[in-house]
Amino acid sequence: MSSIAFASVFKRYGTVDAVKHLDLTCEPGEMLALLGPSGCGKSTTLKMAAGIEDVTSGEIYFDDRPVTRLAPGERNIAMVFEDYALYPQMTVWENVAFPLKVRGVSGQPAAQRIGEVLQLLGLRQLADRDVKGLSGGAQQRVAIGRALVRDPDVILFDEPLSHLDADQKVQLRAEIKRLQKLRHVTSILVTHDQTEAIAMADRVAVMNHGVLQQVAAPQDLYERPSNLFVANFIGEPPMNLPLAELGEDAKLVGRGWAIALDTPGGAHLAGRKGSTVVVGIRPEHIALQPIDNPAAAKGVITYREPRGDTDVLTVIVGNDGAASETLIAETAGPSAWRVGDRAAVHVEANRLHLFDPDSGRNLAVAA
Amino acid sequence: MTVALPQTLAPSMHRAAPDLGLSVLDVSKAYHHPALQRVGIDVAPGELVAVTGPSGAGKTTLCRIVAGLEHPDQGSIRLAGKDLLPVPAGQRRVAFMFESYALYPHMTVRDNVRSPLLAAGRAQADAKRVDEVLELLEIAQLGERLPGALSGGQKQRVALARALVQTPALFLLDEPISHLDAKLRHKLRGEIRRRLAAQSAPTIWTTPDGMEALSVGDRVVVIVDGKIEQTGTPEEIWNAPATLQVARLLGDPPMNLVPGTLQSDGGASSFAVQFTQLPLPPALVRAAEAASTRDVTLGVRPDALTMCEPGTGPLTAEIYSNEPFGKHAIVTVDLGGLLMKLKTSMNDASRFAETIGSRVGLQLPADGLVLFDGTTGRALSGKSTVHVPV
């Protein structure tokens with residue numbers, strides 16, 4: 001079990017900067033997710049940690065040992081790939097045994113470790129089966145078993161769930177999280193899917209265009225996104241991000257709606273009054289109620305998407321005048337709201353986020 | 001941006017004139033094995049019916065039969081009151097998006113999307129439609145590329161654009177967004193839905209994702225092994241899954257299904273599972289009386305289970321895993337070897353589920369439970385709306 005640290009790591013392909021000045025540490029025993037859209041640099045970062053991709057400048061450390069110029073085989077890492085990469089002609093047992101075999105571990109010590117790992121992964125009954133006929137989820141568990149059996153310092157997971165059916169994804173992500181917690185193996189997970197990152201990782205590093213945007217525990221990322229990119233990327237449905245004028249009286253006035261802030265004297269508002277801000281409102285923090293209070297912002301529901309235990313509603317607020325704003329609200333489902341219904345729209349002022357429209361920075365999160 | 005509200009989105013308007021829409025009546029088709037068995041589906045003008053089921057269920061076969069690419073062994077297909085079966089595929093005016101995309105490899109994205117309009121002989125006037133659809137699906141910047149230079153998700157959007165650009169008598173969209181990443185899928189399905197609603201053609205939209213079916217369909221048809229398990233509105237299907245197969249396909253995560261045995265002691269019924277007896281709520285007792293067997297499966301939604309101190313609930317389990325999602329957490333518990341999932345508040349998750357292997361009590365809700373017959377797999381409770389072909 002070791003830590004992995006990227007110190008000012010830079011990766012350039014020709015004229016393209018794939019990863020820019022990355023400073024990031026994965027603590028011993030931690031699972032750190034690298035999350036971002038395709039082309040954000042997350043896979044390149046993983047490959048640099050594995051040693052399959054050179055580093056243009058900077059240094060990678062496992063604990064205090066620089067590994068940047070070590071070959072992959074000298075780093076004591078294990079990798080789990082999206083396509084499993086098992087030996088198809090071998091049984092489950094033989095696949096898991098393989099890394100021990102090539103290291104000359106055999107007999108009782110090997111059998112005991114293989115048995116333990118198969119038990120942990122619920123693969124005991126499948127030990128003698130060929131891997132070919134197994135479901136994708138079972139094959140990926142074999143691949144994880146093969147990674148665990150040799151006690152690596154680090155496991156690198158490269159999109160481990162992306163080839164699985166939805167139900168197997170749900171099962172396996174809980175499984176991977178549990179294993180990682182029980183074995184305390186330092187792990188880096190690369191994924192483009194926020195659900196997977198949040199489900200499995202202790203901390204999530206969000207990347208975009210080769211630049212680290214924020215690294216935080218999943219709940220912090222959700223509740224305190226440091227900039228507009230993270231705010232928009234984390235959460236489904238995504239955060240509403242309408243523009244508003246911040247008045248001298250700390251009142252936000254948007255297109256067809258207005259909210260009085262609950263912290264009018266907040267330090268983060270200093271010098272902002274009288275300027276435009278981006279307001280972040282999570283869909284589940286918009287409450288829709290029957291119209292009884294004439295002062296409340298009014299909206300009309302233009303689309304309803306049932307998602308089982310929730311309904312996602314598109315609401316146009318401020319429809320009385322020319323100015324209006326389209327917001328997405330999430331409510332417990334199945335709800336009684338229907339397209340065409342009018343509703344009073346309430347937003348909890350203490351749940352709002354304010355962002356600088358130019359830099360994208362969250363005004364309440366220290367730089 | 002304001003969005004004009006198409007009147008066809010109001011569900012009450014559907015079914016008003018079913019003989020003007022699509023009517024699939026008692027259709028069967030067998031290859032080596034039965035692919036479709038006595039399937040009946042009505043789709044009203046402007047209505048979107050989502051057909052969902054696991055792969056191999058018969059979704060694509062259904063689309064191919066309606067499009068005229070296959071002939072059914074039995075049954076009929078009517079569109080706007082006319083028998084479609086004698087009409088050749090090319091004359092059915094169906095916009096069919098193939099799951100396999102079937103793009104012309106030598107044509108650019110724009111030309112692929114424009115191709116059905118050329119055949120209709122009105123290419124000039126409709127150049128704007130092509131642009132609109134490319135914009136809608138966020139592939140406008142790819143217009144001059146060849147399909148070979150596109151990713152799988154981009155190809156899928158080109159194939160979808162080629163269907164959406166048309167004004168057909170019927171849309172058949174076979175897994176139209178399955179290869180897009182989750183974020184784009186969520187964003188686009190509402191927009192595609194709105195565009196379709198602005199037209200008066202009936203639409204069939206197939207998907208292996210039960211939750212996508214609930215989200216896009218005015219009504220949902222669940223099909224497994226070539227047979228319809230249930231037809232209903234998203235609310236009906238969600239609130240009262242007719243069979244175990246339906247329950248397995250819906251929910252994120254899906255309903256927990258707990259096999260057990262019914263016990264009756266005089267008037268009171270209980271449910272025996274893993275060395276424990278659970279008293280059944282009155283509604284389920286009545287349902288249990290209809291069971292053909294003592295072996296039943298209890299369905300419990302992940303959001304209906306709650307955690308409590310060990311020993312204070314009717315069930316005791318061990319924490320298996322905890323996934324904190326921000327607005328809720330998904331906690332997996334081990335109930336004597338049976339893994340169950342709970343959708344719970346972040347507070348409860350941090351209070352009870354921090355440590356793997358720790359013990360936790362489970363409370364069952366009084367409602368939100370469904371009892372399934374162990375032999376037939378049919379729901380014994382709730383108002384199921386099983387479709388019976390006439």
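Numbers restart at 1 for each chain; the letters A, B, ... are given by sequence-line order, proteins then strands. This one's a predicted model, so the numbers in the text were calculated from it and none came from an experiment.
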Within this structure, what is the CG-CG distance for the pair A:Asp167 and B:Asp209, rounded to the nearest 0.5 Å?
10.5 Å
Just so I understand: if I count every heavy-atom pair under 4.5 Å between each of B:Leu249, B:Leu339, B:Asp303 and chain A, which residue has the most?
B:Asp303
Just how far is it from atom OG1 of A:Thr310 to atom NE2 of B:His328, taken to the nearest 0.5 Å?
9.0 Å
Does any heavy atom of chain A fall under 4.5 Å from the side chain of B:Leu250, the backbone, both, or neither of them?
neither
Heavy-atom distances under 4.5 Å only: say whether B:Ser215 touches chain A with side chain, backbone, both or neither.
both
Toward chain B, the part of A:Ser38 with a non-hydrogen atom under 4.5 Å
neither
Output the distance between atom CD (B:Glu235) and atom CG (A:Asp311), rounded to the nearest 0.5 Å.
7.0 Å
Using heavy-atom distances under 4.5 Å, tell me whether A:Pro218 contacts chain B through its side chain, its backbone, both, or neither.
side chain
Would you mind checking which part of B:Ile330 comes under 4.5 Å of any heavy atom in chain A, side chain (CB onward), backbone (N, CA, C, O), both or neither?
side chain
Side chain, backbone, both or neither: which part of A:Pro37 has a heavy atom under 4.5 Å from chain B?
neither
Okay, B:Pro234 and chain A: the region with an atom under 4.5 Å from a heavy atom over there is side chain
Region of A:Asn232 in contact with chain B, defined by heavy-atom distances below 4.5 Å
backbone
Side chain / backbone / both / neither for A:Glu284 at chain B, heavy atoms under 4.5 Å
side chain
Which heavy-atom pair separates A:Ala174 from B:Ser321 by the least distance, and what is that distance?
O-OG, 2.9 Å
Hey, is B:Arg301 close enough to A:Asp309 for a salt bridge, meaning N to O under 4.0 Å?
no
What part of A:Ala199 lies closer than 4.5 angstrom to a heavy atom of chain B: side chain, backbone, both or neither?
both
What is the minimum heavy-atom distance between A:Tyr222 and B:Phe325, and which atoms define it?
CD1-O, 4.2 Å
Can you find a pair of side-chain heavy atoms, one from B:Trp238 and one from A:Pro334, that are under 4.5 Å apart?
yes
Atom pair NZ (A:Lys169) and CG (B:Asp252), whose distance is rounded to the nearest 0.5 Å
11.0 Å
Is there a side-chain contact between A:His192 and B:Lys183 in this structure, where contact means two heavy atoms from C-beta onward sitting under 4.5 Å apart?
no
Flag the pair A:Glu175 / B:Thr332 as yes when at least one side-chain heavy-atom distance between them is below 4.5 Å, and no otherwise.
no
For the candidates B:Ile319, B:Asn322, B:Val331, which exhibits the highest count of non-hydrogen atom pairs separated by less than 4.5 Å from chain A?
B:Asn322
Top contributor to chain A contacts, counting heavy-atom pairs under 4.5 Å, from B:Pro253, B:Ala182, B:Gly190:
B:Gly190
Is any side-chain heavy atom of B:Lys327 less than 4.5 Å from a side-chain heavy atom of A:Arg282?
no
Smallest heavy-atom separation, B:Glu323 atom then A:Lys177 atom, equals CA-NZ, 4.5 Å
When rounded to the nearest 0.5 Å, the distance separating NZ of A:Lys181 from OH of B:Tyr320 is 14.5 Å
SB check A:Glu305 B:Arg193 (cutoff 4.0 Å):
no
More than 12 heavy atoms of other groups within 6.0 Å of A:Asn208 CG
yes
Quick one: what part of B:Lys341 sits under 4.5 Å from any heavy atom of chain A, side chain, backbone, both or neither?
side chain
Closest approach of A:Tyr303 to B:Arg189 (non-hydrogen atoms, all atoms of both residues)
OH-O, 4.4 Å
